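Below is one structure, written out as structure tokens; comments come after it.
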Amino acid sequence: MLDAVRFEELGLPAVAIVTEPFTATGKVMAELQGFTDYPFATVPHPVASLSDEQVEAVADGVTATVERLLLRAVADAPPPDAARRTAAGLVSLEDVVETLAEALRADRADLTAEQSGSRITFRLHIPDEACAECVMPSSMLVPMFQHRVDQELGPGLTVELEDPRTSVS
């Protein structure tokens, strides 16, 4: 999703293809980059375990959608949606956490946070160990969280993430 959004920022039409369980994650990733309601193609999940013939069938099934999205005029591509962004300071930390957690729930994870001064500590909760590898790595989550905090709560706050996958016992 992020690669497609980056191309769009450069004015180059692009299409992200996301498996169905990750549509919420895809929507949030696009929104965090300023592309609210960014259109993308979806395919059934999983794809990694499919045979070559099955992958070809999935590709054939999504080709028309990808083509339609690629051929839309650059002028019609959704611009960063500043109108739907809330002015800094008018959103609570709880609102930010809920928005971010919504995307993580698609991967059977959840999120909480607490603020101490200018530091916000997010805590990632992954109750099902089998789903741990489905959740984006901390190296991707932290910049996304920081972007959302800056956008919604204003600059000057520092984000950190407690991730059970990186905890040392």
Side-chain angles (χ1 to χ4, degrees), residues 1-48 58-59 61-113 120 122-126 131-155 157 159-161 163 165:
M1 178 60 74
L2 189 56
D3 290 338
V5 168
R6 292 289 182 245
F7 279 114
E8 294 283 354
E9 288 174 335
L10 296 171
L12 301 169
V15 176
I17 301 173
V18 179
T19 60
E20 290 166 348
F22 299 101
T23 57
T25 301
K27 287 177 184 178
V28 170
M29 286 179 67
E31 181 186 331
L32 287 171
Q33 300 304 312
F35 284 77
T36 303
D37 299 324
Y38 182 77
F40 53 88
T42 57
V43 295
H45 187 82
V47 292
V58 169
V62 76
T63 298
T65 301
V66 171
E67 183 177 25
R68 180 180 49 80
L69 293 172
L70 280 175
L71 294 177
R72 72 189 189 281
V74 173
D76 292 338
D81 190 358
R84 291 189 57 187
R85 292 182 186 165
T86 306
L90 298 180
V91 173
S92 71
L93 175 59
E94 291 79 19
D95 293 334
V96 172
V97 172
E98 180 56 31
T99 300
L100 295 169
E102 183 180 317
L104 293 168
R105 289 183 191 124
D107 297 328
R108 297 187 187 143
D110 209 347
L111 190 69
T112 58
I120 298 174
F122 288 93
R123 287 183 185 83
L124 183 61
H125 306 277
I126 307 174
C131 295
E133 64 186 48
C134 296
V135 178
M136 284 187 273
S138 295
S139 61
M140 292 179 71
L141 291 173
V142 170
M144 289 173 57
F145 293 0
Q146 186 69 59
H147 177 81
R148 177 50 68 106
V149 165
D150 291 346
Q151 182 182 35
E152 301 289 350
L153 302 177
L157 297 169
V159 166
E160 61 181 41
L161 176 63
D163 185 338
R165 300 169 298 177

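Keep in mind that this is a model prediction, so the values were computed, not measured.
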Is any side-chain heavy atom of [X] closer than 4.5 Å to a side-chain heavy atom of [Y]?
| X | Y | value |
| --- | --- | --- |
| Ile120 | Leu153 | yes |
| Val28 | Leu104 | no |
| Gln146 | Pro143 | no |
| Thr99 | Glu152 | no |
| Thr65 | Phe40 | no |
| Asp110 | Arg105 | yes |
| Val5 | Met29 | no |

Kindly give the heavy-atom pair with the smallest separation between [X] and [Y], and that separation in Å.
| X | Y | answer |
| --- | --- | --- |
| Val18 | Thr23 | CG1-N, 3.9 Å |
| Val15 | Ala4 | C-CB, 4.1 Å |
| Leu111 | Ala101 | CB-CB, 3.9 Å |
| Asp107 | Val135 | CB-CG2, 3.7 Å |
| Thr112 | Val97 | CA-CG1, 4.1 Å |

Once rounded to the nearest 0.5 Å, what's the spacing between atom [atom1] of [X] and atom [atom2] of [Y]?
| X | Y | atom1 | atom2 | result |
| --- | --- | --- | --- | --- |
| Ile126 | Cys134 | CD1 | SG | 9.5 Å |
| Asp163 | Arg123 | CG | CZ | 12.5 Å |
| Asp95 | Leu100 | CG | CG | 11.0 Å |
| Leu2 | Gln33 | CG | CD | 5.0 Å |
| Lys27 | Thr36 | NZ | OG1 | 12.0 Å |
| Tyr38 | Met1 | OH | CE | 7.0 Å |

- Query: Hey, what's the ring geometry for Phe145 with Phe122, parallel, tilted or perpendicular (30° and 60° as the breaks)?
  - Reply: tilted
- Message: Whether the side chain of His147 engages the backbone of Leu32 through a donor-acceptor N/O pair (distance < 3.5 Å, no angle test) should be reported.
- Response: yes
- Do side-chain atoms of Thr25 reach the backbone of Ala103 as a donor and acceptor pair under 3.5 angstrom? yes
- Message: Does Glu133 form a salt bridge (charged side-chain N to carboxylate O under 4.0 Å, His left out) with Arg165? I'd like the steps, not just the answer.
- Response: CA-CA 9 Å; Glu133 64 186 48; Arg165 300 169 298 177; over 6 Å; no
